[in-house]
Amino acid sequence: MGCLLVPARSISRLVRKIEVDAVFRTGRKAVTGAMVLFLLKNNVQPAAAVRYAIRVPKKYGTAVERNRVKRIFREAISLYGKSWMGYDMVVFPRPQVKGAKMQDIAAYLQEAFSGVTGRGTQERS
RNA sequence: GGAGCGGGACAGGUGGCUGCUCCCUGUUAAUACAGGGGGAGGAAAGUCCGAGCUCCGCAGGGCAAGGUGGUCGCUAACGGCGACUGGGGGUGACCCUAAGGAAAGUGCCACAGAAAAUAGACCGCCUGACGGUGUUGUCAGGUAAGGGUGAAACGGCGAGGUAAGAGCUCACCGCUCCGGCGGUGACGUCGGAGGCACGGCAAACCCCACCUGGAGCAAGAUCGAAUAGGGGGACGUAAAGGGGAGUAAUCCUCUUGAUAGAGUGGCCCGCUCAAUGUCCCCGGGUCAGAUCGCUAGAGCCGUAUGGCAACAUCCGGUCGAGAGAAAUGGUCGCCACUGGAAGUUACCGGAACAGAACUCGGCUUAUGGCCCACUCCAGCA
RNA sequence: GCGGGAGUAGCGCAGUGGUAGCGUAGGAGCUUCCCAAGCUCUUGGUCGCGGGUUCGAAUCCCGUCUCCCGCU
């Protein structure tokens, strides 16, 4: 990277375990009925990028249900993710969101996101 | 109509808009973009078996360990499948069956009961002797028919026979042995003889027959960057010994003693290794590096032939996912199915089990409605 | 992907073919001025579930479910 003419994708996955753990340790946390959300300001190039990871524990349900919830969250982030650029996020869906539609999930995400950013800027250590 | 039994195919369809991944074509230095095409299952699941493939290795002979167990076939193979036999269950369609050996040996059979396996005799029955004279007691002997216990009692039932009884004798049944016939065979059937001997458990140890080298695609192969191309120690030709059974592992016993090179992933024989060896300790073991393996295969569909069938063969057609923290989606309509519901419309819902990870053959489990054949019961004609 | 283990009373465990037990917890009583401790009595079980072998299964065999652990 480093070539300014080539914009990286504005929405990408958080893949590396170190980066996910960094969001865990130092990010801010929001708990709603639908999910647990961790947020951390990133400093990747370009500045307006969002990176995300979705973690679904095995206790959530069968492989079909886990795949399903990941797809719906991924779709919601790719459609509405431009409104929370500049953050790394890690999402834990909770079992209450089984059967929800994509629009509901997007609304839940927006609610959780504003719950974090509206509450001040103190970082956890 | 109800209940049941066996089998088969399927796994909602279709159209906008918009994503993901792989392949092909075109433009392009590359990134990228455009067009076209493919994109979960009958169980993808559990990982219970069997194979292919790969590496380690050499697998040769045995011991041990594990598995399988009616017969004949099918299959690459199997603990799978088909047909048949024996046994069991069901009124029936049909279903279940680890179904070799108990006279090779060892072990177990609680409680109850006299006795639980070289038979034996509690209550009884019968005969004789003695005491007593009504009813019986003791001793000696003969019995195993009857009683009672138990899951199971040393053939069953009936008749003859007898003091009472008894395969003691006879008929039938069972059992064992012999022979004939049918069948490739398991086995069936017929005849004769014996005169009852041989209780059950082998999903108890075991015996017999057959099978099994180990690990697994995170196998393994190639390439790159970075780092290191290391340090220390042990082993040094092979080693416990004697006696008995055995080729040996192994078992029994005595003594010394604290060790015996490594591999053959339990052990022995055998085999391989002479330092560029083997083992141990410290250090290192990172970039979730890239590519291949990676999907055309014991493949699928159709016809014909052989076979009761499983299946096999000929011919023709066909290509149907290949990701990498892991794609195969999201959303909005319409039409079918179905519930609220009792009639149409409108409205609100529901729509099973479940997600590929090297690939096949099975088994098992989960699960939705549909179709076909058959059985039993009830009603009507 | 591969391998191992467990499931028995509310809890922790024993029981390897023959009436399912121990500790603790619960209940009642004794003791004490009262409590604790102690003593006596007592309640409580589909032995995870479904089949099979056996006269008889928590135990043996097969299938299945849940939980835990290890290797790479």
Side-chain angles (χ1 to χ4, degrees):
Chain A
M1 63 174 57
C3 178
L4 294 175
L5 300 175
V6 182
R9 284 194 177 175
S10 57
I11 296 177
S12 63
R13 298 270 184 89
L14 264 183
V15 174
R16 309 183 50 174
K17 186 174 167 54
I18 313 160
E19 297 167 341
V20 174
D21 287 345
V23 176
F24 249 140
R25 281 196 313 274
T26 61
R28 279 168 294 162
K29 174 180 168 189
V31 182
T32 70
M35 76 196 79
V36 182
L37 175 72
F38 288 85
L39 272 179
L40 180 67
K41 263 195 182 325
N42 61 33
N43 47 7
V44 294
Q45 290 291 336
V50 58
R51 301 189 298 176
Y52 69 95
I54 303 160
R55 287 196 155 181
V56 188
K58 205 165 189 175
K59 273 191 174 179
Y60 179 89
T62 65
V64 172
E65 293 169 323
R66 282 181 274 132
N67 279 338
R68 165 90 181 161
V69 75
K70 277 193 283 187
R71 284 165 181 157
I72 292 185
F73 268 87
R74 210 159 54 222
E75 185 74 18
I77 290 171
S78 68
L79 280 180
Y80 301 99
K82 291 187 175 63
S83 54
W84 43 77
M85 285 298 181
Y87 284 96
D88 286 349
M89 50 197 292
V90 177
V91 184
F92 279 79
R94 308 181 89 181
Q96 287 89 337
V97 303
K98 279 185 195 175
K101 307 197 83 173
M102 192 272 287
Q103 290 89 342
D104 304 330
I105 298 297
Y108 294 152
L109 267 172
Q110 190 66 52
E111 175 197 339
F113 187 83
S114 56
V116 173
T117 53
R119 213 175 49 203
T121 56
Q122 74 277 6
E123 306 264 325
R124 297 195 301 158
S125 55

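For the numbers below, each heavy atom of this structure counts, side chains included, while hydrogens, waters and symmetry mates do not. Numbers restart at 1 for each chain; the letters A, B, ... are given by sequence-line order, proteins then strands. Since the structure is predicted, the reported quantities are computational estimates derived from the model, not experimental observations.
- Residue A:R71 places no side-chain atom within donor-acceptor reach of the base of B:G19, judged by atom type and a 3.5 Å distance cut-off alone.
- Computed from coordinates, the A:Y52 OH to B:A326 P distance equals 8 Å when rounded to whole Å.
- Using the Watson-Crick or G-U wobble rule with both distances under 3.5 Å, B:G12 pairs with B:C335.
- For A:K101, whose side chain is taken as the heavy atoms from C-beta onward, the closest listed nucleotide among B:G355, B:A327, B:U331 is B:U331.
- Residue A:E65 is out of contact with every strand shown, counting any heavy-atom pair closer than 4.0 Å.
- Spacing between atom CZ of A:R74 and atom P of B:A326 amounts to 7 Å, rounded to whole angstrom units.
- Side-chain atoms of A:E75 and base atoms of B:G329 include a donor and an acceptor less than 3.5 Å apart.
- Pairs engaging residues 101-111 of chain A under the salt bridge (charged side-chain N to carboxylate O under 4.0 Å, His left out) rule: none recorded [sequence neighbours left out].
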Chi angles and distances behind the side-chain contact (heavy atoms from CB on, under 4.5 Å) call for A:L109, A:M35: CA-CA 8 Å; A:L109 267 172; A:M35 76 196 79; 3.7 Å; yes

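- For C:C60, the paired nucleotide is C:G52, the pair qualifying as Watson-Crick or G-U wobble because both relevant distances are below 3.5 Å.
- Residues A:Y87 and A:F113 bring their aromatic ring centres within 6.0 Å.
- Pairing for C:C11 goes to C:G23, judged as Watson-Crick or G-U wobble with the two contacts each under 3.5 Å.
- Between B:G355 and B:A11, the distance separating the two C1' atoms is 15 Å to the nearest Å.
- Judged by Watson-Crick or G-U wobble contacts below 3.5 Å, the nucleotide C:G38 has C:C30 as its partner.
- C:C2 is paired with C:G70 under the Watson-Crick or G-U wobble criterion, all donor-acceptor distances under 3.5 Å.
- Here A:T62 lies in heavy-atom contact (under 4.0 Å) with sugar-phosphate atoms only.
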I'd like a table of donor-acceptor pairs (distance under 3.5 Å, sequence neighbours excluded) in which one partner is a side-chain atom from residues 89-98 of chain A, with atom names and distances.
unit_1, atom_1, unit_2, atom_2, d
A:R94, NH1, A:T32, O, 2.9
A:K98, NZ, A:Y60, O, 3.1

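- Under the 90° criterion around 0 for the glycosidic angle, B:G302 counts as anti.
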